[in-house]
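Worksheet: one structure, shown below.
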Protein chains: 2
Amino acid sequence: MIEILQQHITNRLGKLPDNIDLVLPHFEAVITKRGDLLLQPGEVCKYVYFIVEGCLQVFVTDKNGNESTREFYIEEQWATDIFGFQNQIPSAEYIRCTEPCKLLRIHYESFQKLATVVPQFSAIYKQILEVSYNNTVYRVNTLTSMDALERIKWMMENKPKIMARLSSKLIASYLGISAETLTRLKSKI
Amino acid sequence: MIEILQQHITNRLGKLPDNIDLVLPHFEAVITKRGDLLLQPGEVCKYVYFIVEGCLQVFVTDKNGNESTREFYIEEQWATDIFGFQNQIPSAEYIRCTEPCKLLRIHYESFQKLATVVPQFSAIYKQILEVSYNNTVYRVNTLTSMDALERIKWMMENKPKIMARLSSKLIASYLGISAETLTRLKSKI
DNA sequence: TTAAACTCTTGACATTTATCAAGAGTCAGA
DNA sequence: TCTGACTCTTGATAAATGTCAAGAGTTTAA
């Protein structure tokens with residue numbers, strides 16, 4: 001598993017860094033089952049997860065218990081509740097495995113240490129932060145400026161892998177609509 | 001004006017950095033009128049704006065021309081279209097002055113130079129990026145998991161200054177509802 | 001100072017989307 | 001390989017929110 005991460009880092013930096021051996025030992029493998037929760041509201045998020053295989057769903061629930069998915073993460077992506085993690089305060093979100101996963105996780109203390117000691121680590125973190133921020137900005141704009149049908153079309157064009165891989169219920173929770181509305185509108189396309 | 005920025009930097013870092021004179025000369029004052037556009041879709045965003053006085057609205061428009069506001073920025077905050085700015089590609093957003101503003105702006109080239117040369121500059125940028133990302137994550141979660149009334153209450157509690165300062169139309173565009181719905185629901189609280 | 005342009009509110013009505021329910025199909029895991 | 005638990009679809013109905021319109025009040029900028 002660790003070699004997947006090594007390859008990921010190499011791709012991002014354009015070459016394998018000299019000090020890779022400072023970084024990799026801080027990661028720990030985690031094997032999960034479908035449905036396992038990695039984080040719950042109120043809990044402090046201690047890890048950042050790198051996905052070797054599988055899919056993670058980051059979501060919240062409303063007053064009626066309905067789930068709203070903020071983001072799905074798949075192979076070679078990183079998932080955490082950044083704010084809770086960086087400040088080590090209770091999270092507002094759930095993180096759940098939508099399928100059996102192979103993950104590598106790094107603990108808060110290791111993460112902070114590497115961020116100060118290894119410049120390339122810090123650089124990759126900044127890259128990921130910028131891309132994540134931009135994706136989320138885009139998401140706010142689509143949620144407020146598109147109706148349900150437009151959002152479905154947008155997702156089909158921009159997230160076809162996610163669309164094909166997950167259940168309607170999960171996709172609906174990402175689009176901010178009910179599963180029934182998703183079924184009905186899909187047949188109109 | 002520039003002394004406001006100097007104070008802002010001092011507050012963020014806990015002290016006035018030695019190399020402040022490397023930073024401040026890169027900022028240029030801009031005085032605007034109400035309604036002035038600083039950025040339009042299709043245009044490349046060349047600046048990051050620091051607000052000395054006034055308020056900026058970052059928004060998109062839908063197929064019918066309705067505006068959806070992603071964020072409002074007020075005194076001592078920073079505004080830009082980060083993704084378009086960092087990649088120097090055409091933006092999808094508008095940035096508009098909702099009132100006459102006093103701004104300080106820094107050009108893309110200066111920004112990149114300072115980010116590599118001045119560590120404290122880079123550190124503040126990372127801070128702002130993290131907070132912005134977190135705010136936007138929160139915004140996605142409120143947009144998908146709360147109904148209109150809950151979002152209004154949330155905004156009254158969490159953004160009272162914005163709520164008091166801007167027109168109903170602008171606030172409604174931030175909440176993702178029509179101005180009429182905002183009027184009607186406010187009377188129910 | 002004043003006219004034109006916005007703003008807020010309210011009513012009537014339309015549209016979108018959610019909710020509840022039920023049946024057929026599919027899948028995960030013991 | 002079986003079985004209970006999900007999943008998808010469709011219908012009927014309800015609820016939330018949008019759209020259009022109009023009048024009174026308020027602000028802006030020449």
Side-chain angles (χ1 to χ4, degrees), chain A residues 31-37 53-55 57 59 61-69 72 96-101 142-156 162-189, chain B residues 31-36 54-55 57 59 61-69 72 96-101 142-156 162-189:
Chain A
I31 306 293
T32 74
K33 288 181 302 211
R34 175 187 153 92
D36 280 359
L37 285 174
E53 202 181 308
C55 178
Q57 174 200 14
F59 67 103
T61 52
D62 68 15
K63 58 183 176 186
N64 302 317
N66 293 320
E67 297 177 4
S68 298
T69 299
F72 295 109
R96 183 167 58 197
C97 306
T98 67
E99 48 186 271
C101 293
T142 57
L143 283 168
T144 53
S145 74
M146 292 182 185
D147 63 23
L149 186 57
E150 289 174 306
R151 295 205 296 275
I152 293 170
K153 285 179 180 165
W154 181 86
M155 193 169 177
M156 284 169 50
I162 294 286
M163 201 88 185
R165 183 167 180 168
L166 300 174
S167 72
S168 288
K169 192 182 163 191
L170 289 173
I171 291 164
S173 83
Y174 180 82
L175 292 170
I177 57 179
S178 70
E180 293 93 333
T181 297
L182 177 55
T183 294
R184 281 188 255 259
L185 292 181
K186 263 203 291 193
S187 70
K188 285 198 185 172
I189 296 179
Chain B
I31 306 292
T32 73
K33 289 182 303 214
R34 175 188 153 93
D36 281 359
C55 178
Q57 174 200 14
F59 66 102
T61 53
D62 68 16
K63 59 183 177 187
N64 301 318
N66 293 319
E67 297 177 3
S68 299
T69 300
F72 295 110
R96 183 167 59 196
C97 306
T98 66
E99 47 186 272
C101 293
T142 57
L143 283 168
T144 53
S145 73
M146 291 181 185
D147 62 24
L149 186 57
E150 290 174 305
R151 296 205 294 277
I152 294 169
K153 286 180 180 167
W154 180 87
M155 193 171 177
M156 284 168 54
I162 295 287
M163 200 90 186
R165 184 167 180 167
L166 300 174
S167 72
S168 287
K169 193 182 163 192
L170 289 174
I171 292 165
S173 83
Y174 179 81
L175 292 169
I177 58 178
S178 69
E180 294 93 334
T181 297
L182 177 55
T183 294
R184 282 187 254 261
L185 292 181
K186 264 203 290 193
S187 70
K188 285 197 184 174
I189 297 178

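Letters go in sequence order (proteins before strands), and every chain restarts at 1. Computation of the quantities below employed the complete heavy-atom set of this structure, encompassing side-chain atoms and omitting hydrogens, waters and symmetry-equivalent molecules.
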Nearest listed nucleotide, side chain of A/S178, among C/dT17, D/dG18, C/dT19 | C/dT19

Would you please say whether a donor-acceptor pair under 3.5 Å links the side chains of B/E67 and B/S173?
-> no

CD of A/E67 versus C1' of D/dC6: gap in Å, rounded?
-> 14 Å

Whole angstrom value for the distance that separates P of D/dT9 from CD1 of A/I177 = 13 Å

Comparing B/R34 with B/G176, nearest DNA chain D nucleotide closer to 5' gives the residue B/G176

B/T181 side chain N/O closer than 4.0 Å to the phosphate oxygens (OP1, OP2) of D/dG18?
-> yes

For A/S168, which contact category applies under a 4.0 Å heavy-atom criterion: base, sugar-phosphate, or nothing?
-> sugar-phosphate

B/N64 CG - C/dA14 P separation (whole Å) = 19 Å

To the side chain of B/S167, which of D/dT7, C/dC8, C/dT17 is closest?
-> C/dC8

Donor-acceptor pair under 3.5 Å: do we get one between A/E180's side chain and the base of C/dC20?
-> yes

Would you kindly say whether B/Q57 and B/T98 are connected by a side-chain donor-acceptor distance under 3.5 Å?
-> no

Return the value, rounded to whole Å, for the distance between atom CZ of B/R151 and atom C1' of D/dA16.
-> 11 Å

Which heavy-atom pair separates B/D62 from B/N64 by the least distance, and what is that distance?
-> OD1-N, 2.8 Å

Rounded to 10 degrees, the angle between the two terminal axes of the helix from C/dT1-D/dA30 to C/dA30-D/dT1, each from five pairs = 70°

When you measure from the side chain of A/S68 to the backbone N and O of B/T144, does any donor-acceptor pair fall under 3.5 Å?
-> yes

From NZ of A/K186 across to C1' of D/dT7 the rounded distance in Å is 11 Å

Length of the CG-C1' vector between A/L175 and C/dA18, whole Å | 15 Å

Rounded to whole angstrom units, what separation is found between the CG atom of B/L166 and the P atom of C/dT7?
-> 11 Å

Between A/N66 and A/P100, which is nearer to the 5' end of DNA chain C once each is assigned its nearest nucleotide?
-> A/N66

With rounding to the nearest 0.5 Å, note down the distance linking CZ in A/R151 to CG in A/L182.
-> 11.0 Å

D/dT7 P sits how many Å from A/E99 CD, rounded?
-> 13 Å

Using a 4.5 Å cut-off on heavy atoms from C-beta on, say whether the side chain of B/Y174 contacts that of B/L166.
-> no

Separation between CG (B/L175) and CE (B/M163), nearest 0.5 Å, reads 6.5 Å

Is a donor-acceptor contact shorter than 3.5 angstrom present between the side chain of A/R184 and the base of D/dG11?
-> yes

Report which part of the nucleic acid B/G35 touches: base, sugar-phosphate, or nothing (heavy-atom distance under 4.0 Å, all strands).
-> nothing

